[in-house]
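Just below is one structure, and these are the notes that go with it.
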Amino acid sequence: MTVAPSETLTFECETGNYHTFCPISCVAWLYQKIEDSFFLVIGTKTCGYFLQNAMGVMIFAEPRYAMAELEEADISAQLNDYEELKRLCLQIKRDRNPSVIVWIGTCTTEIIKTDLEGLAPKLEADLGIPIVVARANGLDYAFTQGEDTVLAAMVQRCPNKVEKEEEKQERNAIQKLLNFGKQKEDVAADEAEYTNHPPLVLFGSLPDPVVTQLTLELKKQGIKVSGWLPSKRYTELPAVAEGDYACGVNPFLSRTATAFMRRRKAKLIGAPFPIGPDGTRAWIEKICSVFGIEPVGLEEREAQIWASLEDYIQLIRGKSVFFMGDNLLEISLARFLIRCGMTCAEIGIPYLDKRYQGPELALLEKTCHEMGVPLPKIIEKPDNYNQLQRIHEVRPDLVITGMAHANPLEARGISTKWSVEFTFAQIHGFTNARDILELVTRPMRRNNSMKDLGWDRLVKEEAQV
């Protein structure tokens, strides 16, 4: 099918309910990423039940988070909030000795009647431990935005550039990792490979191997990463000064991007996100263009990765995918799957910041034109009832959805994949594109195996009975 060049993306908003996890679930991956932190979730018993169910499998690992449950008297503001929080934080300091305590407020001040932002500075001075306050509550659109809230609060804690050069080198955790085991001469030789450009901070919580991969990809272009937010340790937060550059790696970090620009006067590099070979190449190229660097070898690098993915791509080429909307990764994943040869009728997304995701939207549109497929319709805050009607009409080969709708769709003969799996999988960078396709093709490979064994016929007969 040939697409007219004038065709553009269409956007709709249905104001449906948000069928996603609560943003306090961000604790599950942030406490593991920031190794010297402790997360204190402050909320009601309902919030405690959610954490207990969502992260109960980690209870035997002594995780660095806890729940401060508010009883009815607390919500009525009849108890001394400061003394109670001080008692809890003193216990945390004595038992765990963290470098930072992050208070996750599960509701607004009007609901829980506790002014966490007002209490934190005084308690921080009394304890001698930094206390970062983040409101990761159910008023957010998607559960991934809990990380956005925490990182936006941490932006204000990043040191400025008044420190000495030696201290800046010591603070750059990723650089220490890359230089580990090297002689001083080798380190000096590596430093000479970088071009002279303003400091660059990358933001987004990624596993350490992916952080290293993306840092090395930029190093090949002569670009030095000054630091990552969040860093592996709170004491190694990147230094940020006015005029420095910041670039995100995830589509759900619009508040963090705004905090860098407004609070630290940094310059934001708007780029597609490094998800899939195409997105990773576009991400690196945009950073290079800002610093006036001519990228080298990216076209060959991307072609090499695509060639290695061909066995997976054969399974999905010509098939269709439908996104119901859950974690704000939908547009980036849709763009990558369309480049793999799929079609996409609709991209549901809980919330869309067109400024922050503007470069990603432009790459999606360009990809559809180049692949000769219709542009998907983007539905913000989709109404799931209406979506189910549209799914019934178009009968897509795969629906990427939240956990609540997976089993009902499977019962109707539609293959599904949980969107939350993409949140926790390593999907960034060139080499991790294979992990995306491993997840996407798993339902199709499962169906093929069932056909070979004759189980699909048995399932249909049981469904008819």
Side-chain angles (χ1 to χ4, degrees), residues 22-75 77-109 111-137 143 146-159 173 205 229-237:
C22 179
I24 63 175
S25 57
C26 70
V27 175
W29 62 87
L30 285 178
Y31 89 85
Q32 298 180 70
K33 175 64 181 180
I34 311 172
E35 295 181 351
D36 58 348
S37 65
F38 193 96
F39 285 77
L40 183 62
V41 184
I42 304 170
T44 61
K45 284 186 178 294
T46 304
C47 307
Y49 293 146
F50 170 72
L51 284 182
Q52 192 174 20
N53 284 289
M55 297 189 284
V57 293
M58 306 176 189
I59 194 169
F60 298 110
E62 280 199 292
R64 294 184 310 280
Y65 69 88
M67 180 75 204
E69 290 184 348
L70 298 173
E71 302 290 348
E72 293 180 2
D74 295 298
I75 297 178
Q78 295 174 2
L79 298 183
N80 192 322
D81 300 327
Y82 180 81
E83 292 300 327
E84 182 63 14
L85 286 172
K86 182 177 181 180
R87 182 187 67 81
L88 291 172
C89 290
L90 281 172
Q91 183 178 347
I92 292 169
K93 180 180 180 180
R94 181 178 64 251
D95 295 346
R96 300 300 182 91
N97 192 30
S99 298
V100 61
I101 298 176
V102 183
W103 284 357
I104 302 292
T106 64
C107 291
T108 63
T109 303
I111 295 174
I112 66 173
K113 306 296 189 294
T114 303
D115 183 13
L116 299 180
E117 290 82 359
L119 295 175
K122 184 174 185 296
L123 189 54
E124 179 176 321
D126 289 348
L127 266 66
I129 297 179
I131 296 178
V132 176
V133 181
R135 296 278 183 178
N137 55 60
F143 70 98
E147 176 186 326
D148 191 21
T149 304
V150 174
L151 296 190
M154 285 191 173
V155 166
Q156 304 177 56
R157 301 300 185 107
C158 290
S205 177
L229 181 72
S231 53
K232 196 170 183 178
R233 299 182 62 82
Y234 179 80
T235 54
E236 297 171 342
L237 284 176

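All residue numbers in this chain count up from 1 along the given sequence. Please read all numbers here as calculations on a predicted model, not as lab measurements.
Put simply, the side chain of Ile34 does not reach to within 4.5 Å of the side chain of Val102, judged on heavy atoms. You'll find the side chain of Gln156 stays beyond 4.5 Å of the side chain of Val132, heavy atoms only. In this structure, Leu116 and Ile131 have side chains that are not in contact, with every pair of non-hydrogen atoms separated by 4.5 Å or more. You'll find the side chain of Cys158 reaches within 4.5 Å of the side chain of Leu229, heavy atoms only. The shortest side-chain heavy-atom distance between Leu123 and Trp103 falls under the 4.5 Å cut-off. Proximity of Cys22 to Thr106: side-chain heavy atoms (C-beta onward) are nowhere separated by under 4.5 Å. No side-chain heavy atom of Val150 sits less than 4.5 Å from a side-chain heavy atom of Val27.
The distance from the CZ atom of Phe38 to the CG atom of Asp95 is 8.5 Å, given to the nearest 0.5 Å. One finds the CZ atom of Arg135 at 8.0 Å from the CD1 atom of Ile42 (value rounded to the nearest 0.5 Å). Taking CG of Leu119 as the start and CG of Leu85 as the end, the distance is 6.5 Å to the nearest 0.5 Å. For the atom pair CD (Glu147) and OG (Ser205), the distance works out to 4.5 Å, reported to the nearest 0.5 Å. Here the straight-line distance linking atom CG of Leu88 with atom CG of Leu40 works out to 6.0 Å at 0.5 Å rounding.
Ser99 and Arg233 make their closest contact through OG-NH2, 4.2 Å (heavy atoms, listed as atom of the first residue, atom of the second, distance). Nearest heavy-atom pair across Ala136 and Gly146 is CB-CA, 4.0 Å.
Taking Ser37 as the reference, nothing meets the side-chain hydrogen bond (donor to acceptor under 3.5 Å, both in side chains) condition, with sequence neighbours excluded.
In this structure a side-chain-to-backbone donor-acceptor pair under 3.5 Å is missing from Lys33 to Pro230.
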Inset, instruction - Report the C-alpha separation of Cys89 and Ile129 in whole Å, then their side-chain angles, then the decisive distance to 0.1 Å, and conclude whether the side-chain contact (heavy atoms from CB on, under 4.5 Å) test is met. - result: CA-CA 9 Å; Cys89 290; Ile129 297 179; over 6 Å; no
Legend entry - Pair Val100-Arg157, side-chain contact (heavy atoms from CB on, under 4.5 Å): steps then yes or no: CA-CA 11 Å; Val100 61; Arg157 301 300 185 107; over 6 Å; no
Inset, instruction - Could you walk me through whether Leu127 and Lys86 pass the side-chain contact (heavy atoms from CB on, under 4.5 Å) test, one step at a time? - result: CA-CA 8 Å; Leu127 266 66; Lys86 182 177 181 180; 4.2 Å; yes
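Between Glu84 and Arg87 there is a salt bridge, with a side-chain nitrogen of the basic residue lying less than 4.0 Å from a carboxylate oxygen of the acidic one.
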